[in-house]
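Single-structure report; data block below.
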Amino acid sequence: MLSLLSLSCVNANDSNSTDAVLELNDDISQEPDLELSNDGEDNLEITADEEILSSNESNEKTDSSAYLVLDNDANVENVYIGDYVVWIVSVINNGPDMAKNVKVYDQLPDGLKYIKHTTTKGTFNPKTGIWNIGNLSVEDGEVFLNITVKALSAGEKINKANLTTDSINLNNESYEEEEIDVFERHSKDDDYSDNVAKSLYSTGNPLSLVLISLFVIFVTSVKSKE
């Protein structure tokens, strides 16, 4: 009986030992999966950090700064109806970085008819008034937009130009305007009278002296007839 009991206990112990070994093997076999899972999470975290760094680097690249100078001028200040005027708009980048996506909106005043234009960089749309320069580096120097227009009506004409860029503009002045005066044309008689008046004013003779001179001439001519 004792031998049988001992045998049964041994068998029971062996069974328990076998189960314990199996459970231990199961735990061990699961450990690599856990480590792989952890490695996967670490990789995800590293990838996310890399994306953040990449995003920060991209933002640093877009945060370029440049000192942009906008100029707006006309080739004449006073014209008559039917005359032509050339608006000269220019932009220069004084650095330190390249200016990105530079645009100038040029608003032509009423009473001036668009004729043609030329640019040294970029494109100009007469319908929208947008001069799309694009990226402007220091090496590009001063770039120009020349717009030729014809005066159709008299009055004060103001051409307005506004500059925009995706970069930081170190120059706070991004708006420029230029004014010209358009006059109505006179008849030939009016032109002659204007020229006489201009000549009198240019010599510095007041109107009283002119009247006295005419009176002296009249008296002299009368005496000579006598």
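Note that these values count all heavy atoms, side chains included, but never hydrogens, waters or copies made by symmetry. All values derive from a computational prediction rather than experimental measurement.
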Which pairs with one or both residues in residues 80-92 pass salt bridge (charged side-chain N to carboxylate O under 4.0 Å, His left out), sequence neighbours excluded?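 Sorted result for residues 80-92: Asp83-Arg185.
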(request) Kindly state each residue pair satisfying salt bridge (charged side-chain N to carboxylate O under 4.0 Å, His left out) with at least one member in residues 147-162, sequence neighbours excluded. (result)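 Output for this query is empty, none listed.
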Nearest 0.5 Å please: distance from the [atom1] atom of [X] over to the [atom2] atom of [Y].
X	Y	atom1	atom2	value
Phe124	Ile133	CZ	CD1	11.5 Å
Asp63	Ser167	CG	OG	9.0 Å
Ile81	Glu184	CD1	CD	5.0 Å
Leu145	Ser90	CG	OG	9.5 Å
Thr148	Tyr114	OG1	OH	8.0 Å
Phe144	Thr119	CZ	OG1	12.0 Å

Sub-3.5 Å donor-acceptor pair from the side chain of [X] to the main-chain atoms of [Y], do we have one?
X	Y	answer
Asn169	Leu68	yes
Asp166	Asn101	no
Asp97	Ser65	yes

Can you see which heavy atom on [X] is nearest to which on [Y], and at what distance?
X	Y	result
Asn93	Gly95	OD1-N, 2.8 Å
Ala151	Val182	CB-CG1, 3.7 Å
Glu177	Asn72	CA-ND2, 3.7 Å
Thr120	Val143	OG1-CA, 3.3 Å
Ala66	Ala99	CB-CB, 3.9 Å

Qualifying residues under side chain to side chain contact (heavy atoms under 4.5 Å, CB included), relative to Leu70, sequence neighbours excluded
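In terms of side chain to side chain contact (heavy atoms under 4.5 Å, CB included), with neighbours along the sequence ignored, Leu70 is linked to Val89, Val91, Val104, Ala161, Leu163, Glu176.
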Any residue meeting side chain to side chain contact (heavy atoms under 4.5 Å, CB included) with Thr164, in chain and number order, not counting sequence neighbours: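 Counting only residues at least two positions away or on another chain, Thr164 forms a side chain to side chain contact (heavy atoms under 4.5 Å, CB included) with Lys103, Asn162.
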Flag for Gln107-Tyr105: side-chain donor and acceptor within less than 3.5 Å =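 No, because no side-chain N or O of Tyr105 sits under 3.5 Å from a partner of the opposite role on Gln107.
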Note to self: Looking at Asn78, I want to see if its CG is surrounded by more than 12 non-hydrogen atoms of other residues, nucleotides or ligands under 6.0 Å.
What the structure shows: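 Correct, the count exceeds 12.
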Heavy-atom neighbours of Glu77 CD exceed 12 at 6.0 Å: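 At most 12 heavy atoms, drawn from other residues, nucleotides or ligands, come within 6.0 Å of this atom.
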Walk me through it: do Asn94 and Val69 pass the test side chain to side chain contact (heavy atoms under 4.5 Å, CB included)? CA-CA 8 Å; Asn94 290 329; Val69 179; 3.5 Å; yes
Step by step, work out the side chain to side chain contact (heavy atoms under 4.5 Å, CB included) result for Trp131 and Ile147.
CA-CA 11 Å; Trp131 177 23; Ile147 308 174; over 6 Å; no
*Going only through I, L, V, M, F, W and Y residues with side-chain contacts under 4.5 Å, is there a path from Val76 to Ile180?*
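Linked within one cluster.
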Side-chain heavy atoms under 4.5 angstrom apart, residues restricted to Ile, Leu, Val, Met, Phe, Trp, Tyr: same cluster for Tyr67 and Ile92?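 Result: yes, single cluster for both.
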Other hydrophobic cluster members with Met98, side-chain heavy atoms of Ile/Leu/Val/Met/Phe/Trp/Tyr under 4.5 Å, chained?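 Its cluster partners, ordered by chain and number, are none at all.
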**Request:** Check the pair Asn159 / Leu108 against side chain to side chain contact (heavy atoms under 4.5 Å, CB included), numbers first and verdict last.
**Result:** CA-CA 5 Å; Asn159 183 31; Leu108 291 174; 3.8 Å; yes
Q. Sequence neighbours excluded, which residues qualify as side-chain hydrogen bond (donor to acceptor under 3.5 Å, both in side chains) partners of Tyr84?
A.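 side-chain hydrogen bond (donor to acceptor under 3.5 Å, both in side chains) list for Tyr84, sorted by chain: empty.
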Please determine whether side chain to side chain contact (heavy atoms under 4.5 Å, CB included) holds for the pair Asn135 and Lys100, giving the CA-CA distance in whole Å, both sets of side-chain angles, and the decisive distance to 0.1 Å. CA-CA 4 Å; Asn135 295 339; Lys100 299 182 178 179; 3.6 Å; yes
